[in-house]
Colleague: 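The following block contains the structure, expressed as structure tokens.
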Amino acid sequence: MQRSHINFKGYLLKSYRKELWLNIPSRLGFVNITPEVDTALRESGVQEGLTLVCAMHITASVFINDDENGLHQDYDNWLEKLAPHEPINQYRHNETGEDNADAHMKRQIMGRGVLVAITDGKLDFGPWEQIFYGEFDGRRRKRVLIKIIGE
Amino acid sequence: MQRSHINFKGYLLKSYRKELWLNIPSRLGFVNITPEVDTALRESGVQEGLTLVCAMHITASVFINDDENGLHQDYDNWLEKLAPHEPINQYRHNETGEDNADAHMKRQIMGRGVLVAITDGKLDFGPWEQIFYGEFDGRRRKRVLIKIIGE
Amino acid sequence: MQRSHINFKGYLLKSYRKELWLNIPSRLGFVNITPEVDTALRESGVQEGLTLVCAMHITASVFINDDENGLHQDYDNWLEKLAPHEPINQYRHNETGEDNADAHMKRQIMGRGVLVAITDGKLDFGPWEQIFYGEFDGRRRKRVLIKIIGE
């Protein structure tokens, strides 16, 4: 079964931009930022279009998944297994004085950002989709970019 | 060498939305949905723009890769190695009564969706690019969203 | 703290397309293509919008991360651990005569491409974001697609 909706009227393009600032108190952490993206969408007034939500830092992610605490602990353990923080000296990047090479890897698995369709002025989501900020090298202020284009 | 094409005429924005429904009979599976996306693009009439194709469920992916059976078996084995289904009780998420924590991880590696350029009314693809639905927790009906914006 | 900018004037949609050709002399390699994307953006004249930058080949990636040599060596080692090239015969895909099944996996971890916001005629980046072409099966000419839409 397929349902489709075509909008043949043409519209002028509008754009909107917003930054969110976050400061995660631990090295790793996940925050549900769906309410903030919802607010931004309402402020933009865009009814049909696309919204990009992405980390502006290269040791963090924005991704879409489930708002379930156990799953987030599973992500922590799993990412630590795939890209362990310790020993620090296993990474060449850490010879620069950093200790966050693993965070650059964890971020690649979880992705930099997401693109969400806007339909009828709403984030066009399936039943369980929620937008998360994923921090892999926290304890400092970081930014998320929301960019909306559409009409 | 670089080739470029600039379209300086301005156009009014059009949008299009369609849902595809799939029911994969096994837990894991890959389906080539390029023909369905092609059809949607023709229906939309959009000549220049972008099309988002994404899973509306958080234990599934839409990704672009090769339509080769052996490779898909390799993906199955590889994802099972990186995020094993068994033992179920290794994941906190499965304490909620689910058994699909691994599917939430496999989906992060393969991604939620893809964004494809539209040029001259066609999906702007390299020689082997094909769009796949990747299922990691099947045996029930799930949706893919196609959202097209452009002119 | 949140900062936002809304553009309520409507604009006509413009589109721009460019291909970059690359030939990486080794099997694996990373190239910073930010200057080429900057040039494309200037050529397009787009002030507000989105730019898609993606590999047109399914054994390569375009991703955003740090321009740091040690980190790129770490990525090499890490991807080789997660999806080893050898032994070739561990992959069904390689029974077709190919030896690049691992490259199809490495590309899924690093992603097919990126979507970058355009604000005030510039790539809307955080402090360290740079765009890289990631090659996992090189020694031949391959293409990157840049598609810009906006006003």
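Chain letters run A, B, ... following the sequence lines, proteins first and then strands; every chain starts at 1. Just the heavy atoms: all of them, side chains too, but no hydrogens, waters or symmetry mates, feed the values below.
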Colleague: Starting at CZ of C/R92, measure out to CG of B/D76 and round the result to the nearest 0.5 Å.
Modeller: 11.0 Å
Colleague: Answer with side chain, backbone, both or neither: which region of C/Q108 has an atom nearer than 4.5 Å to a non-hydrogen atom of chain B?
Modeller: both
Colleague: How long is the span from the OG atom in C/S15 to the CD atom in B/Q47, to the nearest 0.5 Å?
Modeller: 10.5 Å
Colleague: Can you tell which part of B/W128 gets under 4.5 Å to a heavy atom of chain C, answering side chain, backbone, both or neither?
Modeller: both
Colleague: Side chain, backbone, both or neither: which part of C/A55 has an atom under 4.5 Å from a heavy atom of chain B?
Modeller: backbone
Colleague: At a 4.5 Å cut-off on heavy atoms, which part of B/I118 comes close to chain C: side chain, backbone, both, or neither?
Modeller: backbone
Colleague: Would you mind reporting whether B/Y75 and C/M105 have side-chain heavy atoms less than 4.5 Å apart?
Modeller: yes
Colleague: Going by an N to O cut-off under 4.0 Å, is there a salt bridge joining C/K14 and B/E48?
Modeller: no
Colleague: With only heavy atoms counted, which part of C/I146 is less than 4.5 Å from chain B, the side chain, the backbone, both or neither?
Modeller: neither
Colleague: If I measure from the heavy atoms of chain C, does B/N77 come under 4.5 Å with its side chain, its backbone, both, or neither?
Modeller: neither
Colleague: Just so I understand: if I count every heavy-atom pair under 4.5 Å between each of C/H57, C/E95, C/R107, C/Q90 and chain B, which residue has the most?
Modeller: C/R107
Colleague: Could you tell me whether the side chain of B/T119 reaches within less than 4.5 Å of the side chain of C/L145, counting heavy atoms only?
Modeller: no
Colleague: To the nearest 0.5 Å, how far apart are CG in B/L50 and CG in C/L52?
Modeller: 6.5 Å
Colleague: Let me know if B/E129 has heavy atoms under 4.5 Å from chain C in its side chain, its backbone, both or neither.
Modeller: both
Colleague: Is any side-chain heavy atom of C/K147 closer than 4.5 Å to one of B/V116?
Modeller: no
Colleague: Is B/I64 in contact with chain C via its backbone, its side chain, both, or neither, using a 4.5 Å heavy-atom distance?
Modeller: both
Colleague: Donor-acceptor check, side chain of C/R112 to backbone of B/L115, threshold 3.5 angstrom: yes or no?
Modeller: yes
Colleague: For the side chain of B/W78 and the backbone of C/D102, is there at least one donor-acceptor N/O pair under 3.5 Å apart?
Modeller: no
Colleague: Find the distance between CG (B/L82) and CD1 (C/I109) and round it off to the nearest 0.5 Å.
Modeller: 6.0 Å
Colleague: Is C/H93 close to B/D66 at the side-chain level, that is, under 4.5 Å between some pair of heavy atoms?
Modeller: yes
Colleague: Which heavy atom in B/L71 sits nearest to a heavy atom in C/A101, and how many Å separate them?
Modeller: CD1-O, 4.4 Å
Colleague: Specify which of B/G111, B/G126, B/S61, B/G49 makes the most heavy-atom pairs with chain C at under 4.5 Å.
Modeller: B/G126
Colleague: Any non-hydrogen side-chain atom of B/L12 less than 4.5 Å from a side-chain atom of C/L12?
Modeller: yes
Colleague: Please round to the nearest 0.5 Å and tell me the distance separating atom CG of B/N69 and atom OG1 of C/T96.
Modeller: 11.5 Å
